[in-house]
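Remember, it's 1-based here, ligands and their atoms both numbered in the order they're listed. Hydrogens, waters and symmetry mates are skipped; everything else that's a heavy atom, side chains included, is used.
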Amino acid sequence: MNRPEVSIVIPVFNEEAGLDQLFQRLYPALDALSITYEIVFVNDGSRDRSADILEAQFRRRPDVTRVVLFAANFGQHMAIMAAFEHCRGDLVITLDADLQNPPEEIGRVVEKLREGYDYVGTIRRNRQDSVFRRYASRAINSIREKTTRIRITDQGCMFRGYARNVVEMVNVCREVSTFVPALAYTFAKRPVEIEVGHEERAAGESKYSLYSLIRLNFDLMTGFSLVPLQLVSLIGMLVSMFSIAVYVFVIFQRLASRGLSDGIYVVWDRDILEFFLTGLMLFSLGIIGEYVGRIYQQVRHRPRYVVQTILETEEQKQDLSRHGAAAAGASHFVRPSS
Ligand code: UDP
Ligand code: MG
């Protein structure tokens with residue numbers, strides 16, 4: 001097989017309950033498009049039977065299936081980065097494994113890419129997630145929109161298309177904590193967005209806890225904006241200016257009342273003020289810490305992910321070493337098979 005036109009990239013973490021349904025819809029949907037394609041599954045250290053199910057699927061359709069098996073859980077975005085390094089298609093489409101985005105719509109994304117757009121974002125029509133997720137995402141989207149240069153309407157939707165030039169740029173990035181759609185967006189010359197359908201998760205539960213969602217959004221904020229840091233300095237400046245003003249005021253008041261200085265303390269509750277300022281300082285330290293922590297992770301230069309095995313045919317392997325980016329400057333570690 002030669003280089004396929006389209007690579008479909010799917011990260012998989014504990015999805016045993018829904019994978020068969022995914023295969024049943026994904027392969028026919030792609031066959032119906034009459035394009036050449038490959039599907040790259042990345043098993044992100046699942047603790048259930050996902051890896052076995054993917055392996056069985058590779059045996060069934062080795063012509064169009066490749067499976068990258070991570071040695072542990074490195075996160076959805078690292079899984080996508082790994083697949084980017086191991087795929088060969090001219091056009092690359094990322095999709096979640098849970099069938100929340102209908103695979104039947106892949107054709108529409110391909111069409112846009114063929115029109116010459118190099119980044120196809122998607123907006124979920126009638127989003128089928130909990131009310132809390134919908135409102136939280138709307139708030140986060142608007143904060144991100146104001147603080148970064150990333151113009152993505154619906155950042156949570158991973159069903160997206162990228163042209164080869166964008167994927168190659170992402171492949172030379174070596175960031176540890178990142179958000180692939182935003183990173184890719186920074187390299188896109190002609191981005192576009194389309195609306196896509198959204199369904200309830202076919203099986204299993206969301207793999208993102210509230211904590212991991214918060215962490216992910218910090219990755220997005222710190223990875224693409226310095227505004228939080230600037231905000232900290234700005235607030236610090238305002239507070240200091242305010243304290244100078246108060247100081248001046250107190251001095252004047254003391255001079256005016258010649259020692260009887262109780263005046264201002266009537267409205268000046270030191271306990272509450274200290275409480276507030278301590279909170280502000282911790283918050284600021286926290287923001288700085290989010291950056292420092294990520295800098296620390298980055299400078300240690302540990303492998304971003306560890307690949308245990310790649311299931312692919314000999315032919316696919318040769319194709320990749322000829323065309324793919326994996327050959328050049330890999331930032332990951334492939335564990336030698338025993
Ligand atoms: N996923 C992953 N690694 C993780 C968490 C999630 O590869 O650590 C995969 C998961 O299997 C799914 C996709 O990322 O294919 C999106 O996850 P999920 O559907 O749970 O997220 P949600 O739709 O709730 O945002
Ligand atoms: Mg989902």
Chemist: Show me, by chain and number, every protein residue that has a heavy-atom distance under 4.0 Å to ligand 1.
Modeler: P11, V12, F13, E15, D44, N73, G75, Q76, D96, A97, D98, Q100, R133, R201, S206, K207, Y208

Chemist: Is the Y305 ring parallel, tilted or perpendicular to the F70 ring (thresholds 30°, 60°)?
Modeler: parallel

Chemist: If we ignore angles and hydrogens, is there a donor and acceptor under 3.5 Å between the side chains of S137 and R127?
Modeler: yes

Chemist: Counting no waters, what protein N/O/S atoms lie under 2.8 Å from the Mg ion (ligand 2)?
Modeler: D98 OD2, Q100 OE1

Chemist: How about Y208 and L216: do any of their side-chain heavy atoms sit closer than 4.5 Å?
Modeler: yes

Chemist: Under the rule for salt bridge (charged side-chain N to carboxylate O under 4.0 Å, His left out), what residues qualify as partners of E55, not counting sequence neighbours?
Modeler: R59

Chemist: Kindly give the cluster partners of L210, where membership spreads through any ILVMFWY side chain lying under 4.5 Å from a current member.
Modeler: F132, I214, F218

Chemist: Answer yes if the side chains of Q57 and Y27 hold a donor-acceptor pair under 3.5 Å, and no otherwise.
Modeler: yes

Chemist: What about F179 and F224, are their ring centers closer than 6.0 Å?
Modeler: no

Chemist: For residues S7 and E38, is any side-chain donor paired with an opposing acceptor at under 3.5 Å?
Modeler: yes

Chemist: For the side chain of R124 and the backbone of G197, is there at least one donor-acceptor N/O pair under 3.5 Å apart?
Modeler: no

